[in-house]
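Here the structure is laid out as structure tokens; the discussion comes afterwards.
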Amino acid sequence: MKRLIVDTDFVYDMEELGDAERGRLFTALLEYAGQGKEPDFRGNEKYLWSAAKKNIDKMAEKEARTAQKRSEAGKKGSNKRWQMIANDSNCHLERFPPLNPPSSLSPVPPIPSPPYNPPSSKEKGRNAPKRFIPPSVEEVKAYCLERKNGLDAQAFVDFYESKGWKVGKEPMKDWKAAVRTWENRRKGETPKKEISFDMDLINRRFELGNVK
């Protein structure tokens, strides 16, 4: 992959990381995009790596598909030119069959909703306050799909597990509210921008193995 494209909204995901953790994460992005090198993290940046890696892999696949389409278009144009030459020379060549369209992707199976466990009558009698129960990745993923916000459920759970399920210094009370907060941060008011890095230029000027 010759370039690295980073969504500027990614800064919101890194806002609770320290400077050293951000530096290691950004260095890992460059090394993975340019060399396919898997990082060995030492801090909280590892909890954002899953989402970042998926984005890099998606961009690499997109570039590969674009290159393949250009190659197929070039072959198709070459075939047409040879066919025109053959027709001018009264030669009869078989036409090439059309390219098969890509097979449609299989539909994503619906994620079952988690079972509802009603409170016992004993708990109702005591009027006990609701105890916070950390959600599973499947619960967060289902809620994100319901809201269509595109958040990475695994990264969300990993991040707050590393914080002991606390928001600042206070224990978390409502994980769905935290999901909506992440969602609102992504929306923001500034339109999305993409930053492109020329990996060949970076590799010529720096040795990624020595970046700290």
Side-chain angles (χ1 to χ4, degrees), residues 1-70 134-138 140-141 143-145 148-170 172 175 178-212:
M1 184 173 175
K2 297 298 183 182
R3 60 176 180 166
L4 172 62
I5 297 178
V6 180
D7 194 332
T8 53
D9 283 350
F10 192 57
V11 71
Y12 295 119
D13 298 335
M14 298 193 302
E15 65 180 1
E16 296 195 37
L17 298 181
D19 291 341
E21 292 171 332
R22 294 184 184 187
R24 290 194 296 267
L25 178 58
F26 189 72
T27 298
L29 291 174
L30 294 176
E31 290 181 339
Y32 183 74
Q35 303 175 359
K37 180 180 178 182
E38 290 283 352
D40 182 14
F41 291 122
R42 304 187 297 275
N44 288 325
E45 67 272 16
K46 62 185 177 183
Y47 299 114
L48 299 180
W49 175 245
S50 176
K53 180 181 177 182
K54 287 180 181 178
N55 182 63
I56 294 174
D57 292 341
K58 186 184 296 184
M59 291 304 303
E61 291 175 2
K62 183 177 179 180
E63 286 191 359
R65 289 195 300 268
T66 301
Q68 183 178 1
K69 288 180 180 179
R70 289 176 178 173
S136 64
V137 175
E138 288 73 20
V140 177
K141 185 183 295 183
Y143 187 61
C144 290
L145 288 175
K148 300 178 180 179
N149 54 26
L151 293 179
D152 189 321
Q154 185 67 59
F156 178 88
V157 172
D158 290 344
F159 181 79
Y160 281 108
E161 279 186 351
S162 71
K163 298 289 186 180
W165 289 99
K166 290 185 177 181
V167 180
K169 295 183 179 180
E170 297 296 326
M172 181 178 290
W175 64 266
V179 169
R180 293 193 294 272
T181 298
W182 279 39
E183 178 182 333
N184 291 332
R185 287 175 180 171
R186 280 186 174 274
K187 291 179 181 178
E189 297 181 355
T190 305
K192 288 186 177 182
K193 297 180 180 178
E194 289 187 345
I195 304 173
S196 178
F197 299 90
D198 189 331
M199 297 305 301
D200 288 337
L201 180 60
I202 292 176
N203 288 331
R204 287 198 298 270
R205 293 186 176 180
F206 302 98
E207 291 183 5
L208 292 177
N210 295 327
V211 176
K212 298 181 179 179

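Since the structure is predicted, the reported quantities are computational estimates derived from the model, not experimental observations.
Contact check for Trp175 versus Val167: no side-chain heavy atoms found under the 4.5 Å cut-off. Taking the side chain as every heavy atom from C-beta outward, Phe156 and Lys141 never approach each other to under 4.5 Å. Put simply, the side chain of Ser50 reaches to within 4.5 Å of the side chain of Asp152, judged on heavy atoms.
Here the CE atom belonging to Met59 is positioned 8.5 Å from the OG1 atom belonging to Thr66, to the nearest 0.5 angstrom. One finds the CD atom of Glu63 at 10.5 Å from the CZ atom of Arg65 (value rounded to the nearest 0.5 Å). Note that the CZ atom of Arg24 and the CG atom of Asp19 stand 11.0 Å from one another [nearest 0.5 Å].
Scanning for side chain to side chain donor-acceptor pair (under 3.5 Å) contacts around Glu183 gives Arg147, Asn149, Lys187, with sequence neighbours left out. A search for side chain to side chain donor-acceptor pair (under 3.5 Å) contacts involving Trp182 returns Tyr160, not counting sequence neighbours.
Scanning both residues, Val179 and Val140, for their nearest heavy atoms gives CG2-CG1, 4.3 Å.
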